[in-house]
Amino acid sequence: MSLRDLLYRCPVCGHHPLKGVGDEVGCAECGVVYHRGGAPALIRIIPGSGSDGGPVDVPASVLSRALEEWGGALSTVSQDPESGLKAEADVRLKRGRGESVLHSRGQFLGFRERMADTETGRLILDPDKLCFQPSSGNSDVVWALRDVRGVQIASSALQLYLASRLLLHFRFVDDSCRRWDELLRHAIQEVWRDEGWGEIVEFQPRISVR
């Protein structure tokens, strides 16, 4: 997972979003730069200009907890009392097209998901659905959150499994898959509560309830 995906807001001041690519991101609000490299599981915090302190290495787990203390992903979006939670992001989407059989030296190894060509567009999260607006101008595609049966981060992408057995693979252009993972889990749990289906305890490989 890239550092931009991991740190979707600044652990020091809470600002959202951070800007950067790969293993370095920075905060436009407080000037702190975060860099991953060197020792495993450590992230270097480089203070902004004018600070008296120098760089310090901090465990990634500590910074993750700091995001939660700032309110996590939910406090990065508006939650209108009437319209509810809403978020938008530019994405690259791949849809599953069934499975291929894997063989090696004549022996069956398992199955591999076959994916369709990449589609670009805008992903919109509403309280009870996801809407994909293709850049091509084709009609919008809507998936009800009540039909989602699994949510899983895969590297720097987010995968959803639907009741229809369709796999959706989203890669975010300038947003964080971890942020969207948290937002979707919250939205799906709210839908399940409204439906009276219980509390979700596991989202991968499939949604499980108490």
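Bear in mind that the values here come from a model prediction, so they are computed numbers and not experimental data.
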Steps toward side-chain contact (heavy atoms from CB on, under 4.5 Å) verdict (Ile43, Asp57): CA-CA 5 Å; Ile43 296 174; Asp57 292 336; over 6 Å; no

Joint cluster assignment, Leu162 & Ile200, ILVMFWY side-chain distance < 4.5 Å: yes

Heavy-atom side-chain contact between Tyr34 and Leu3 under 4.5 Å: yes

Atom pair SG/NZ of Cys131 and Lys86 - distance to nearest 0.5 Å: 9.0 Å

Flag, side chain of Asp90 to backbone of Arg122, donor-acceptor distance under 3.5 Å: no

Cluster check Val12, Trp70: I/L/V/M/F/W/Y, side chain < 4.5 angstrom: no

Plane angle bin for Phe132 and Phe170 - parallel if under 30°, tilted between 30 and 60°, otherwise perpendicular: tilted

Closest non-hydrogen atom pair between Leu125 and Ala187, with its separation: CD1-CB, 4.3 Å

Cluster check Tyr8, Val173: I/L/V/M/F/W/Y, side chain < 4.5 angstrom: no

Test item: Val148 and Phe203 side chains (from C-beta on) under 4.5 Å apart, heavy atoms: no

Distance (rounded to the nearest 0.5 Å) between His16 NE2 and Ser176 OG: 8.5 Å

Spacing of Asn138 atom CG and Glu119 atom CD [to the nearest 0.5 Å]: 8.0 Å

Considering all heavy atoms, the nearest Cys10-Cys30 contact: SG-SG, 3.7 Å

Contact check, side chains of Val91 and Asp175, non-hydrogen atoms, under 4.5 Å: no

4.5 Å side-chain heavy-atom contact, Leu18 and Leu7: yes

ILVMFWY cluster, Leu123 and Ile153 together (side-chain gap under 4.5 Å): yes

Worked check of salt bridge (charged side-chain N to carboxylate O under 4.0 Å, His left out) between Glu199 and Arg193: CA-CA 7 Å; Glu199 297 294 311; Arg193 287 182 182 137; 2.9 Å; yes

Residue pair Arg171 / Leu93, side-chain heavy-atom distance below 4.5 Å: no

Reported CZ-to-OG distance for the pair Arg149 and Ser208, which is rounded to 0.5 angstrom: 11.5 Å

ILVMFWY clustering at 4.5 Å (side-chain atoms), partners of Val33: Ile46

Donor-acceptor side-chain pairing of Gln204 and Tyr161 below 3.5 angstrom: no

Separation of His169 NE2 from Leu158 CG (nearest 0.5 Å): 9.0 Å

Derivation and outcome, side-chain contact (heavy atoms from CB on, under 4.5 Å), residues Gln133 and Ile124: CA-CA 8 Å; Gln133 298 177 338; Ile124 301 172; 3.4 Å; yes

Passing option when Asp181 is tested against Arg179, Arg178, Arg185 for salt bridge (charged side-chain N to carboxylate O under 4.0 Å, His left out): Arg185

In one Ile/Leu/Val/Met/Phe/Trp/Tyr side-chain cluster, 4.5 Å: Leu166, Leu130: yes

No-hydrogen, no-angle side-chain donor-acceptor test under 3.5 Å, Arg9 and Thr76: no

Derivation and outcome, side-chain contact (heavy atoms from CB on, under 4.5 Å), residues Leu74 and Leu183: CA-CA 6 Å; Leu74 284 179; Leu183 293 175; 4.0 Å; yes

Distance, nearest 0.5 Å, that separates CG of Asp117 from CZ of Arg95: 11.5 Å

Worked verdict on Gln159 versus Leu167 for side-chain contact (heavy atoms from CB on, under 4.5 Å): CA-CA 7 Å; Gln159 294 186 160; Leu167 169 65; 3.9 Å; yes

Side-chain (Thr118) to main-chain (Lys94) donor-acceptor, under 3.5 angstrom: no

Taking every non-hydrogen atom, the tightest pair across Ser64 and Leu6: OG-CD1, 4.1 Å

Contact summary for Pro127 and Val191, nearest pair of heavy atoms: O-CG2, 3.5 Å

Glu182 side chain to Ala73 backbone, donor-acceptor under 3.5 Å: yes

Side-chain touch Cys13/Cys27, heavy atoms, less than 4.5 angstrom: yes

Shortest non-hydrogen contact between Ser156 and Asp5, atoms and distance: OG-OD2, 3.0 Å

Aromatic ring proximity, centroids under 6.0 angstrom, Trp180 and Phe172: yes

Audit row: Glu195, Arg146, salt bridge (charged side-chain N to carboxylate O under 4.0 Å, His left out) steps and yes/no: CA-CA 8 Å; Glu195 296 283 353; Arg146 70 191 309 275; 3.2 Å; yes

Heavy-atom closest pair, residues Asp126 and Leu145: O-CD1, 3.8 Å

Within-4.5 Å side-chain heavy-atom neighbours: Ile45 and Val32: yes

Heavy-atom side-chain proximity of Asp23 to Ser2 below 4.5 angstrom: no

